[in-house]
Amino acid sequence: MASSSKANLAEQDEGEEAEEIEHFNDFTLASSWERFISEIEATCRQWLADGPKRLLEKGAVHLDSSDNIYKVKSELKNAAKIYSMEYYFEISGKIADWNCTLHDLQLCFGVKEFLVISPQSASGVVLDAPEDTKLLSAVSIALANCSSLWPAFVPVHDPSRKAFIGIQNMGTIFTRRFEADRIGSQVPIKFMHLEGLYELFVSKFAYCMSDHSMHLFRVHLLMKLTYQTLPNDEDNYDDIQEADTESAKSETSPGCDNPNRKHWDDDCPWNEWYSAEDPVMGFDLVVTWSEKVVESSLEMAEMENASPHEAEKWILAPNLYPNLDSSKGDRIGFASQLHLLVNALEMSFEAPFIEDFVSVENPGSDNLESTMVIPPPTVLDRVLKDLFLEDPQLPDFAKDEHKSSRAIKGAPVESLFAQFCLHSLWFGNCNIRAISVLWIEFVREIRWHWEESQPLPKIPANGSIDLATCLINQKLQMLAICIGKKRELNEEFEDCIGTKDNASANMEEVNKVGDESSSFHAQSQAFDEKRDSLLTPEGFNGSKTVESKFSANAQDVHSADKSTLDSIRRGSAGPVGSMKLLKLCQSLHAPFTQSAPLMTEDMHEERLHAIETFGFSCNFSAQLERETLSSDMSAFKAANPGAVFEDFIRWYSPRDWENDESEAKGPSTDLTEGMNIDWPPQGRLSRRMSESGNFWRKIWDEAPILPASEQKPLLDPNREGEKILHYLETMQPHQLLEQMVCTAFRASADTLNQTNYGSLKEMDTKMDQLYLTMASTLRPLQVNLLSNTSDTIEDLQRLCVVFEHVEKLLILAASLHRRFRQVPRISEAIFSNYYNFYLPTMGIGLADVDTQKEFDMKLQLSQNERQVVSNMFTPPTANQSWRKVLSMGNHLNGHEPILREIIFSMHDNASDNHYASSSPRDYQQDTETYRMYTCGTSNDLRVALSIISYD
């Protein structure tokens, strides 16, 4: 028996070995489920071995919704299905506060790093209940094999429900299970209040208690409420009218610039030209209570009635206009119109005359786009009326002017030409045809003012020309001066006609009183002599003896200049120090002279070109200045009767008079005996003035004796005015557009610079940089170096992009400043954060800006700032109250929270419960056994529950 049994066993073993060899794969082949678990395990082991830093090097993806969360992804296959497993992890070791930006699952379940496994399908969730349990089980086994404590989650049900199930191995006998779901509508009234939510949480562990309100449970609670200001367009027009009427009857509240405003920027400087969309859509106020321990539902009912001012933290988050940092072509502002003006400048080289862009007979008119329409005549008339509306008080052209504004050769923002350029930006969408029509009518209106001697509006009549401005502005300034001179001449002519009429009418009366007339003539002559002063030896009127001696000893001089002594000094501005005339011992008087003729920049350039062509010499410079020089000599002769050419040179050009002390004969004892007077002066003319045929002496000999008041004006207003109008009517299109571009950029920037945005240093810096950039980019236009093939057009287009960046920042700064005038720290902090967020995009075109990342900022408020922010939540009007039914508590000025988040938690000591005997020593401590996160409103509720169970 033994032998036979042994033989049978041997045969059986041999058979098994043979079968094992024959069917070897049967013992090594694993099921698809086992291979799926093994693949999950291998992936998790690799991620565990790499660690966060290594995973970052391998290309972990950063989540835009969070500052510190990254993820890696791996694809897994099980049978015919493909799953995606994602591992989410953080870099910093500190636990993130729920006021920070957390991942949705971190917020729901209080986890730090976790796995999410989901099918690669259209829905991205597991719709089959057995499948989700099986999938979660596979991940749990794989993580247990890796000795990993990562929680794992599986999305289930409909995607709109945001439902998850999950599991986490605690490394002990404990296992934490997760479940989250959402009610999207018809939330039970009980769960709209804190008391009902509290009882929902207690029901998860108090199974046998029918009345939870009668029992005490130490439940830890954290609550966060989010309030949102009403949108700007919340009310319809009727509500706005009603609110404006009520505000007009009541007192104006402090800090309100205009209580009857219909739009937020009605009092901003750019509002005259366009209305900007408010970049600040509103604010979210997050109110957080510190952790509390609640022992009954009655305490929850009391907490629901608590004021938000009792909360521990107030955090403000601005809601900015979508895609504020991008350009979709639908934002209208100075920058968009300046870009169109640059396009018009590029097209201006296609025709030699401005009228060619208007005439339909122009052969090149086919090249003009059909979109270049001309506004109707009513619009044109309205623009012209606004431009030429007479203002009794001239604006202050230097008011609020930037320190670098004059570096741009344009025109002041309040001047006539600058206003024309600004109107052109919005006239006919700033196309070349519309600009041409407006310019032609603009020049016609200027000619009417000239012909009717009507003063030009928006141009200072101070008698000066600002050469730092563009040439058109200089021409308009000179034309305004010519109109003023023309009006004076017309008034003098009318006065003269009236005087002659009165004289002829009263001729008979004059003849009847001949004797009285003679005596009156004698009296008026005596009066004139006293007024203009007789030419008597000055300084000797105090002594009769000296006067008689002077007459006796200087008889030859007196007889030689008897006619001069009898003449009257005219047009004197007073003696020039102690200077004496050469031929008479009389003080040298400075005459009143005519002002030098005004010249524009092109006139100065013509003179310089003439000097460069013919060379500089005394006679040539005198020819250029002949009229001025002759006028000054005539006035000098009238103020100094008996003066010689040398006297004029001593006063007018002292460097051409050379004193010769060695040849001085000393004071004249005949004329000045007993007096210490150095006369006659000793010296001679310079070599250039002593040359024969000197042009100055020739002009002196020909100059009549006339004071400045009786001379012909040096400036001929009629001639100069017609020359200016000829220039404006015949200038080439590109010359006009070049000056328009410079002036439009300067005027637009000066308009924005008038905005009150508080003390934002970043905004000041950007404005300074904008002016410097404009000055350098526009310089080729200021020196007439532009051509139709120039690269300057591209530089101007890039300048428009820079201008748009700054314009958007400035509008945001103004919107923030007007909201937080009393607490500027808030506006400064928000703008500074957005500036740093927006700054990287300012060096590139707006079309290249990545708009995927949104601006997200949270600012904690201090106690003294809370009231200002609370005032932003104005009590809702009757119309708004009908729209919403208040269903939740914790109201802020009548506003209920748009979102309420609560974390309930229950802590147990493992040593005090039935787990204590099997728990390791390290877990004999306070443990969060139950946790419930709720999020929602009266119409939406999401609940996430995590429970530690005993395996």
Side-chain angles (χ1 to χ4, degrees), residues 485 488-489 492 528-529 531-535 538 557 560-577 579-599 603 607 610-611 614 616-658 680-681 683-720:
K485 297 290 185 182
E488 293 178 0
L489 293 177
E492 291 178 359
D528 291 338
E529 291 175 355
R531 180 190 60 187
D532 291 328
S533 74
L534 292 173
L535 186 60
E538 296 179 21
V557 179
D561 297 321
K562 189 175 186 301
S563 61
T564 304
L565 291 173
D566 294 336
S567 64
I568 300 175
R569 189 189 307 277
R570 294 178 297 167
S572 171
V576 182
M579 292 184 66
K580 302 292 182 180
L581 298 177
L582 290 175
K583 301 301 182 179
L584 297 173
C585 186
Q586 304 294 324
S587 293
L588 188 149
H589 282 242
F592 287 108
T593 58
Q594 294 192 59
S595 300
L598 298 175
M599 292 187 293
M603 299 170 67
R607 293 172 61 85
I611 292 175
F614 298 100
F616 183 81
S617 65
C618 177
N619 290 342
F620 180 71
S621 63
Q623 291 178 6
L624 292 177
E625 301 287 347
R626 179 185 181 92
E627 293 183 358
T628 304
L629 195 59
S630 176
S631 172
D632 293 342
M633 289 180 176
S634 297
F636 186 84
K637 287 183 176 180
N640 297 278
V644 294
F645 176 67
E646 287 79 1
D647 292 323
F648 176 77
I649 294 298
R650 290 167 56 214
W651 168 71
Y652 196 84
S653 181
R655 64 188 182 91
D656 286 313
W657 177 259
E658 299 175 356
R684 60 179 179 272
L685 294 173
S686 63
R687 176 177 298 179
R688 69 167 190 155
M689 289 296 176
S690 302
E691 295 176 354
S692 60
N694 181 268
F695 201 77
W696 284 51
R697 185 177 291 275
K698 183 178 180 181
I699 296 175
W700 171 266
D701 295 338
E702 296 176 355
I705 303 176
L706 286 176
S709 59
E710 301 178 13
Q711 296 177 10
K712 177 184 177 181
L714 293 177
L715 175 65
D716 186 352
N718 294 308
R719 181 185 62 184
E720 296 298 333

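Quantities reported herein were computed from a predicted structural model and do not represent experimental measurements. This chain uses plain numbering: 1 for the first residue, then up along the sequence.
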Asker: Please examine the side chains of Asn640 and Trp651, heavy atoms only from C-beta on, and report whether any two atoms are closer than 4.5 Å.
Answerer: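 Not touching, per the 4.5 Å side-chain cut-off.
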Asker: When Ser631 is tested against each of Thr593, Leu714, Leu706 for side-chain contact (heavy atoms from CB on, under 4.5 Å), which residue passes?
Answerer: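 Among Thr593, Leu714, Leu706, the one meeting side-chain contact (heavy atoms from CB on, under 4.5 Å) with Ser631 is Leu714.
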Asker: Looking at every heavy atom in both Ser572 and Ala639, which two are closest together, and how far apart are they?
Answerer: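 Looks like CA-CB, 4.0 Å.
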Asker: Taking Lys637 for its side chain and Pro704 for its backbone only, find out whether a donor-acceptor pair lies under 3.5 Å.
Answerer: no
Asker: Treating Asn694 as the side-chain partner and Glu691 as the backbone partner, does any N or O pair qualify as donor plus acceptor under 3.5 Å?
Answerer: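 Judged by distance alone, no pair lies under 3.5 Å.
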Asker: Can you list the steps and then say if Phe645 with Leu685 is a side chain to side chain contact (heavy atoms under 4.5 Å, CB included)?
Answerer: CA-CA 10 Å; Phe645 176 67; Leu685 294 173; 3.9 Å; yes
Asker: Is any side-chain heavy atom of His589 closer than 4.5 Å to one of Val576?
Answerer: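 No, too far: nothing below the 4.5 Å cut-off.
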Asker: In the structure I gave you, are the side-chain heavy atoms of Ser587 and Met579 within less than 4.5 Å of one another anywhere?
Answerer: no
Asker: Whether Asp701 and Lys698 form a salt bridge (side-chain N of Lys/Arg under 4.0 Å from carboxylate O of Asp/Glu) is what I want to check.
Answerer: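 The answer is no: the pair does not qualify as a salt bridge.
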Asker: What heavy-atom pair brings Phe636 and Ala643 nearest, and what distance separates the two atoms?
Answerer: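 So the minimum-distance heavy-atom pair works out to CE2-CB, 3.8 Å.
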Asker: Taking atom OG of Ser634 and atom CD of Glu702, what is their separation to the nearest 0.5 Å?
Answerer: 10.5 Å
Asker: If you measure from CG on Asp656 to CZ on Arg688, what distance do you get to the nearest 0.5 Å?
Answerer: 4.0 Å
Asker: Mind listing the closest non-hydrogen atom pair of Trp696 and Met633 along with its distance?
Answerer: O-CE, 3.4 Å
Asker: With a 4.5 Å cut-off on side-chain heavy atoms, are Pro597 and Thr628 touching?
Answerer: yes
Asker: With heavy-atom distances below 4.5 Å as the criterion, would you say the side chains of Ser653 and Phe648 are in contact?
Answerer: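 Counting from C-beta outward, Ser653 and Phe648 never come under 4.5 Å.
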Asker: Hey, what do you get for CD1 (Ile699) to CG (Leu629), rounding to the nearest 0.5 Å?
Answerer: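 That separation rounds to 4.5 Å.
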Asker: Could Glu646 and Arg697 be called an ion pair, given the rule that one side-chain N must be under 4.0 Å from one carboxylate O?
Answerer: yes
Asker: Got a donor-acceptor contact below 3.5 angstrom from the Gln594 side chain to the Ala635 backbone?
Answerer: no
Asker: Quick one: are Arg650 and Leu582 in side-chain contact, heavy atoms under 4.5 Å?
Answerer: yes
Asker: Show, in sequence, the C-alpha distance, side-chain angles and deciding distance for Ser690 and Arg684, and conclude whether the side chain to side chain contact (heavy atoms under 4.5 Å, CB included) test is met.
Answerer: CA-CA 9 Å; Ser690 302; Arg684 60 179 179 272; over 6 Å; no
Asker: Under 4.5 Å between any side-chain heavy atoms of Arg569 and Pro641, yes or no?
Answerer: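 Arg569 reaches Pro641 side chain to side chain.
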Asker: Between Glu710 and Arg570, is there a side-chain heavy-atom distance shorter than 4.5 Å?
Answerer: yes
Asker: Evaluate the side chain to side chain contact (heavy atoms under 4.5 Å, CB included) criterion for residues Glu658 and Met689: first the C-alpha distance (whole Å), next the side-chain angles of each, then the deciding distance (0.1 Å), finally the verdict.
Answerer: CA-CA 11 Å; Glu658 299 175 356; Met689 289 296 176; over 6 Å; no
